[in-house]
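Below: one structure, written as structure tokens.
Just so you know, these numbers use all the heavy atoms, side chains as well, and skip hydrogens, waters and symmetry mates.
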Amino acid sequence: MGTGYAVWTGIGAAGTAIVGMMVLGDSAAPMRLLCIALILAGVIGLKLVTAN
């Protein structure tokens, strides 16, 4: 259950940040984009190593 929560929280956080940049004009600084990419990489990693 903890992995599922982490995955959905990561997707929500990254999605909210991306929408903020696209719709609300938030900063799209390279370091911010890198951090979002790291969140998404962590989510993908959790999905790959978690047994069904």
Name every donor-acceptor pair, under 3.5 Å, that has one atom in a side chain of residues 8-26 and the other anywhere in the protein, sequence neighbours excluded.
{"from": "Thr9", "atom 1": "OG1", "to": "Tyr5", "atom 2": "O", "distance (Å)": "2.8"}
{"from": "Thr16", "atom 1": "OG1", "to": "Gly12", "atom 2": "O", "distance (Å)": "2.7"}

Review point. In the hydrophobic cluster built from side-chain contacts under 4.5 Å, what are the other members alongside Leu38?
Key: Met31, Leu34

Point to revise | Ile44: hydrophobic cluster co-members (side-chain, 4.5 Å) | key: Leu48

Check your understanding: Could you give the distance from CG (Leu33) to OG (Ser27), rounded to the nearest 0.5 Å?
Key -> 8.0 Å

